[in-house]
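Along the sequence shown, the residues carry numbers beginning at 1.
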Amino acid sequence: YEYKDMKRFLYILLSVLSVQLSAQDVDFIVKLYRSGLKSEAVLKQAEYLDSAAKVLGVGSMDFANVKHDLAKVAVKYGDIQTATDLNWDVALIIRENYSEDTIAYVKAINRVAYLYELKGNYVISERMYDECYRLTKSLEGKNSVLYAQQLDYLGRMAEIRDEYAAAEEYYKRSNEILKTKEGEASLVYAHNLADQAHLYF
């Protein structure tokens with residue numbers, strides 16, 4: 001029992017230390033981005049990820065979450081390519097170590113699709129949104145919040161193609177689900193209204 005307790009204590013201690021190290025590293029990466037030192041920030045990310053991989057394991061969800069957190073930092077400071085690469089890695093970790101038929105995979109691919117959308121690569125982003133739509137319908141049915149979000153994304157793609165009637169239909173179907181599931185005071189419902197407003201404008 002003492003051996004097991006000691007192992008548990010060491011595990012908790014290492015976890016706490018890794019979290020503290022993580023916070024320090026991420027803070028430093030943020031400072032580099034704020035200073036306009038993008039190349040240095042990317043190099044620091046690589047060093048941090050190498051250390052995190054050894055502690056967490058390259059196929060773990062914890063490691064995938066680390067990459068996701070770094071991707072959010074990269075997006076915030078306009079480094080879209082780095083964010084895209086990191087989010088692709090997250091999707092691959094989930095696909096290869098867990099399954100494509102998971103909500104986590106859908107959300108990871110959605111993030112990649114959105115970044116391609118930001119870069120103006122609408123062909124790739126729409127293919128990804130289509131795949132997420134198919135998976136979400138299979139996993140959650142046609143009344144979930146995630147399904148409603150997929151409709152909204154497809155509405156944006158239709159709008160970009162100047163297919164306004166199709167875009168309106170996607171937005172309205174999404175709106176009906178979100179209004180019921182999340183309510184009119186929710187952020188996801190507000191995003192849907194903003195997309196509709198852009199279409200009508």
Side-chain angles (χ1 to χ4, degrees), residues 49 53 57-76 78-182 186-196 198-199:
L49 286 170
V58 292
S60 70
M61 278 304 299
D62 287 335
F63 186 58
N65 289 333
V66 168
K67 291 204 167 200
H68 173 51
D69 289 341
L70 289 175
K72 288 193 290 186
V73 172
V75 168
K76 183 177 180 180
D79 189 357
I80 303 302
Q81 187 55 56
T82 296
T84 304
D85 293 341
L86 288 167
N87 277 317
W88 258 126
D89 289 346
V90 172
L92 290 173
I93 289 170
I94 296 169
R95 187 182 72 184
E96 292 173 5
N97 296 280
Y98 301 91
S99 171
E100 286 186 4
D101 295 326
T102 60
I103 297 304
Y105 182 75
V106 170
K107 290 181 177 179
I109 292 298
N110 270 331
R111 289 190 292 267
V112 178
Y114 176 68
L115 292 169
Y116 274 108
E117 184 183 342
L118 285 182
K119 293 192 288 186
N121 198 329
Y122 303 124
V123 173
I124 292 178
S125 61
E126 184 164 17
R127 285 176 185 166
M128 291 181 175
Y129 285 139
D130 280 333
E131 178 67 5
C132 291
Y133 169 79
R134 183 190 64 78
L135 285 169
T136 303
K137 185 166 64 171
S138 172
L139 290 166
E140 295 201 339
K142 297 182 178 181
N143 291 304
S144 71
V145 172
L146 187 60
Y147 180 78
Q149 288 177 304
Q150 304 312 312
L151 293 172
D152 198 83
Y153 301 150
L154 292 176
R156 288 209 307 265
M157 294 295 99
E159 185 179 348
I160 287 167
R161 295 194 307 272
D162 295 337
E163 296 176 2
Y164 300 132
E168 183 179 30
E169 181 62 24
Y170 280 126
Y171 289 148
K172 284 184 173 180
R173 286 167 59 197
S174 175
N175 183 270
E176 290 169 4
I177 298 168
L178 294 173
K179 189 174 184 178
T180 302
K181 293 288 186 178
E182 291 292 295
S186 65
L187 189 58
V188 68
Y189 182 79
H191 282 160
N192 172 267
L193 290 181
D195 284 338
Q196 287 189 70
H198 186 271
L199 171 67

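- The 12-atom threshold is exceeded at CZ of F63, counting heavy atoms of other residues, nucleotides or ligands nearer than 6.0 Å.
- Between D162 atom CG and Y164 atom OH the span is 3.5 Å, to the nearest 0.5 Å.
- The side-chain contact (heavy atoms from CB on, under 4.5 Å) with Y171 is formed by just one residue from the set H198, E159, E176; it is E159.
- Using a 4.5 Å heavy-atom threshold, the side chains of N65 and M61 count as touching.
- Looking at every heavy atom in both residues, K181 comes nearest to N143 through CE-O, 2.7 Å.
- Contact check for I109 versus L135: no side-chain heavy atoms found under the 4.5 Å cut-off.
- Rounding to the nearest 0.5 angstrom, the gap separating the CG atom in D89 from the CD1 atom in I93 is 6.5 Å.
- In this structure, the separation between OG1 on T84 and CG on N121 is 10.0 Å, given to the nearest 0.5 Å.
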- Under the side chain to side chain contact (heavy atoms under 4.5 Å, CB included) rule, what do L115 and R111 come out as? Steps first, then yes or no, please. CA-CA 6 Å; L115 292 169; R111 289 190 292 267; 5.5 Å; no

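- Residues A83 and V75 share a closest heavy-atom pair of CB-CG2, 3.3 Å.
- The distance from atom OG of S60 to atom CG of N97, rounded to the nearest 0.5 Å, is 8.5 Å.
- Note that CD1 of I80 is 12.5 Å distant from OH of Y116, once rounded to the nearest 0.5 Å.
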- Task: Decide salt bridge (Lys or Arg N to Asp or Glu O under 4.0 Å) for K172 and E169; before the verdict, give the C-alpha distance in whole Å, the side-chain angles of both, and the deciding distance to 0.1 Å.
- Result: CA-CA 5 Å; K172 284 184 173 180; E169 181 62 24; over 6 Å; no

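- By the 4.5 Å heavy-atom criterion applied to side chains, Y170 and D152 are not counted as neighbours.
- By the 4.5 Å heavy-atom criterion applied to side chains, I177 and R173 are not counted as neighbours.
- For Y129, the ring pair (Phe, Tyr, Trp, His ring centres under 6.0 Å) partners two or more places apart in sequence, or in a different chain, are Y153.
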- Message: One pair to check against side chain to side chain donor-acceptor pair (under 3.5 Å): S186 and E182. What are the steps and the verdict?
- Response: CA-CA 6 Å; S186 65; E182 291 292 295; 4.8 Å; no

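- What you find for I94 and A104 is that their closest heavy atoms are CD1-O, 3.6 Å.
- Closest of all the heavy-atom pairs between K67 and V90 is CB-CG2, 3.7 Å.
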- Could you check Y147 against Y133 for side chain to side chain donor-acceptor pair (under 3.5 Å), going step by step and ending with a plain yes or no? CA-CA 7 Å; Y147 180 78; Y133 169 79; 3.2 Å; yes

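- For the pair Q149 and N110, the minimum side-chain heavy-atom distance is 4.5 Å or more.
- Residue pairs meeting the salt bridge (charged side-chain N to carboxylate O under 4.0 Å, His left out) criterion with at least one partner in residues 116-128, sequence neighbours excluded, are E117-R156, E126-R161.
- Residues L139 and D101 share a closest heavy-atom pair of CD2-O, 3.4 Å.
- Annotation for A113 and S125: closest pair O-CB, 3.2 Å, computed over non-hydrogen atoms.
- Taking NZ of K72 as the start and CG of N87 as the end, the distance is 10.0 Å to the nearest 0.5 Å.
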